[in-house]
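Scope of the values below: all heavy atoms of this structure, side chains included, with no hydrogens, waters or symmetry mates. Remember, predicted model here, so these are calculated numbers, not experimental data. Note on naming: letters A, B, ... go to the chains in the order of the sequence lines (proteins, then strands), and numbering restarts at 1 for each one.
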Protein chains: 2
Amino acid sequence: MQKPKRKVDRRVLRSRKQLSAALLELMGEVSFEDITIKDITDRADMNRATFYLHYGTKEELLYQSLESRFDQLAQRIEEDISSNPDKPVWIDDCYDQLVFEHVAEHADLYKVILDSNGFGGIIHQIIDYIAAVAHRNTVAFYGPQADGEIPHEISSRFVAGAMFSLIVWWIRNDMPYSAQEMASMCHRLISQGCDDLLPK
Amino acid sequence: MQKPKRKVDRRVLRSRKQLSAALLELMGEVSFEDITIKDITDRADMNRATFYLHYGTKEELLYQSLESRFDQLAQRIEEDISSNPDKPVWIDDCYDQLVFEHVAEHADLYKVILDSNGFGGIIHQIIDYIAAVAHRNTVAFYGPQADGEIPHEISSRFVAGAMFSLIVWWIRNDMPYSAQEMASMCHRLISQGCDDLLPK
DNA sequence: TATTTAAGCAACATTGTGTCAATTAAGAGT
DNA sequence: ACTCTTAATTGACACAATGTTGCTTAAATA
């Protein structure tokens, strides 16, 4: 096992790589929905039929294009954790920082993915909406932003995303807790944070 | 101004209502992407051309169908806030609860919207991914779930959503802070919560 | 080199889209 | 009740994207 046994034809790898690159390129120019299979294969300089030899839909292509990047991040985190097994992972910023660095590194990709998204960006509209309300309340309650303190813009985004995520989880799991319970847990996490969960 | 002056033709209102109902009905059965204009107008018992008299795309129809519900929630929160102007909005769960109650009330709608979303649900996949990592770390750091404590399942969703939202904001605003700064703020909010921002 | 198989090519039926002109019928205002 | 306005219906149209097929060419592997 000196070399990983070459089982996939080079041409296959080459085609897939070209298709992936072409799609990401196009996504920087026009919205994902407006991209056709023909657009992709044209950009990749290959026949349209070739696309179907590898993928069924453009969504499939996109998803597989992303997987490698995710795996890369996962591996990096894995290494970090296993190389310092005693370091409490939540105690410092290291883990979070790996994530943000990863995003920064692939900013071009994530930008096109996250910029305008499904249903004409309905998810962003929902989060934006929550963030706007949260921002108003933050200002009302915490007052104007203190010097050197975390900007309200950030904390309201934080709150909005957290709430959104809990709502999605709640809905998709058929509401295993009451609205009152969810609100209570949500509120506690927002105001006190996770360290509140530490055994006293 | 005794009555709101009727300016829009009843037929228009009726058609739009039917189209909206038809779309939401269909979204409970098949995925949004697979729904055609013809499917919608068939379900609404009207001609396909009629659709184009009101909307340009099905996304437009969906968005307008949602607006009324959003406004409803916004109004409810507004009322709550202005009726108790002195009550610190973040101090209790009341505001959060309004949100979760609203979602519960329109669960059927939100379920279809949030269930499978753009790019074949790529956003959910990203959040799921972060949540999985967060969950592992939560268990490793906070130990097994304490009795009566917030379930790790919830707190990891909370963390995932918050991070996702910050990442999106960061990317869409062309990264106005460094990865290190973002990680630091993110981590502090996660562990200490928003009350940490209160003036001492 | 011989064999395998990916990619190219051209054509095809199918389906959804968006628009249009002419017609019918329902609502609004008097 | 009558008239004017305009929404909705209908059938048709050109256009574009899809997914598949049979055959050919050429590249990679062993």
Side-chain angles (χ1 to χ4, degrees), chain A residues 1-65 68 112 116 118-120, chain B residues 1-27 29-65 116 118-120 122:
Chain A
M1 49 170 66
Q2 27 240 50
K3 269 189 196 173
K5 200 159 68 182
R6 168 146 311 298
K7 24 175 152 185
V8 265
D9 198 309
R10 280 184 178 177
R11 288 169 293 180
V12 174
L13 294 172
R14 195 166 51 84
S15 295
R16 296 204 174 141
K17 198 176 286 183
Q18 283 175 317
L19 286 170
S20 172
L23 175 58
L24 296 181
E25 222 180 283
L26 285 166
M27 285 179 71
E29 299 166 20
V30 293
S31 81
F32 182 74
E33 303 83 44
D34 294 339
I35 297 173
T36 69
I37 310 289
K38 189 172 187 329
D39 291 335
I40 299 172
T41 51
D42 276 358
R43 181 67 62 108
D45 286 312
M46 59 177 63
N47 195 274
R48 191 168 62 86
T50 306
F51 178 93
Y52 294 103
L53 294 179
H54 301 282
Y55 308 99
T57 63
K58 54 181 177 168
E59 283 82 7
E60 202 179 318
L61 166 60
L62 173 65
Y63 183 65
Q64 295 200 13
S65 302
S68 60
V112 294
S116 163
F119 294 160
Chain B
M1 49 172 68
Q2 28 240 48
K3 269 189 197 176
K5 201 160 66 182
R6 166 147 310 299
K7 21 173 149 185
V8 265
D9 198 309
R10 282 184 177 178
R11 290 170 291 182
V12 174
L13 294 173
R14 197 165 49 83
S15 295
R16 296 202 174 145
K17 199 176 286 184
Q18 283 175 319
L19 286 170
S20 172
L23 175 58
L24 296 182
E25 223 179 282
L26 285 166
M27 284 178 72
E29 299 166 19
V30 293
S31 82
F32 182 74
E33 303 83 43
D34 294 340
I35 297 172
T36 69
I37 310 289
K38 188 171 189 328
D39 290 335
I40 300 172
T41 51
D42 276 357
R43 182 65 62 106
D45 286 312
M46 60 178 60
N47 196 275
R48 191 168 65 88
T50 307
F51 178 92
Y52 294 103
L53 294 179
H54 299 282
Y55 308 99
T57 63
K58 54 182 177 166
E59 284 81 8
E60 202 179 318
L61 167 59
L62 174 66
Y63 184 64
Q64 295 200 13
S65 302
S116 165
F119 295 159
I122 210 84

Exercise for review: Looking at every strand, decide which applies to A/D39 at a 4.0 Å heavy-atom threshold: base, sugar-phosphate, or nothing.
Suggested key: nothing

Practice item. Report the nucleotide, chosen from D/dA28, D/dT9, C/dG8, that has the shortest atom-to-atom distance to any side-chain atom of B/L53. Key: D/dT9

Point to revise | Nucleotide D/dG22, atom P - distance to CG of A/N47 in whole Å | key: 16 Å

Check your understanding: Given atom OH of A/Y55 and atom C1' of D/dT18, what is their separation to the nearest angstrom?
Key -> 19 Å

Check your understanding: For residues B/T50 and B/N47, is any side-chain donor paired with an opposing acceptor at under 3.5 Å?
Key -> no

Revision key, fill the gap. Taking for A/R14 and for A/T36 the nucleotide of DNA chain D with the nearest heavy atom, the one nearer the 5' end belongs to A/T36

Exercise for review: Classify the side chain of B/R48 and the base of C/dG18 as holding, or not holding, a donor-acceptor pair under 3.5 Å.
Suggested key: yes

Check your understanding: Distance check: side-chain N/O of A/H54 vs OP1/OP2 of C/dA6, anything under 4.0 Å?
Key -> no

**Study point:** Separation of C/dT17 P from B/E60 CD (nearest whole Å)
**Key:** 14 Å

Study note, to complete from the structure: In short, B/D34 meets B/D39 closest at the heavy-atom pair O-OD2, 3.7 Å

Review point. How close or far is atom C1' of D/dT18 from atom CD1 of A/I40, stated in whole angstroms?
Key: 13 Å

**Study point:** Proximal nucleotide (of C/dA7, C/dT17, C/dG27) relative to the A/S15 side chain
**Key:** C/dA7

Exercise for review: Could you work out which one of C/dT17, D/dT18, D/dT9 sits closest to the side chain of B/Y52?
Suggested key: C/dT17

Study note, to complete from the structure: On a heavy-atom basis, the closest approach of A/K58 and A/E33 is NZ-O, 3.1 Å

Review point. Considering only D/dT9, C/dC9, D/dT29, which nucleotide approaches the side chain of B/M46 most closely?
Key: D/dT9

Check your understanding: Shortest non-hydrogen contact from A/A44 to A/Q18?
Key -> CB-O, 3.8 Å

Practice item. Identify the heavy atoms of A/L19 and A/Y55 that sit nearest to each other, and give their distance. Key: CD1-CE1, 3.8 Å

Exercise for review: Kindly point out which of C/dT17, D/dA8, C/dA6 is positioned nearest to the side chain of A/V12?
Suggested key: C/dA6

Practice item. Report the distance from atom NZ of A/K38 to atom C1' of D/dA17, rounded to the nearest whole Å. Key: 10 Å

Revision key, fill the gap. Separation of C/dA7 atom C1' from A/D45 atom CG, nearest Å, is 13 Å

Exercise for review: Round to a whole Å and report the spacing from CG of A/D42 to P of C/dG8.
Suggested key: 12 Å

Review point. Nearest-Å distance, CG (B/L13) to C1' (D/dT6)?
Key: 14 Å

Review point. Within the modelled atom types, does a donor on one side and an acceptor on the other bring the side chain of B/R11 and the base of C/dA26 under 3.5 Å apart?
Key: yes

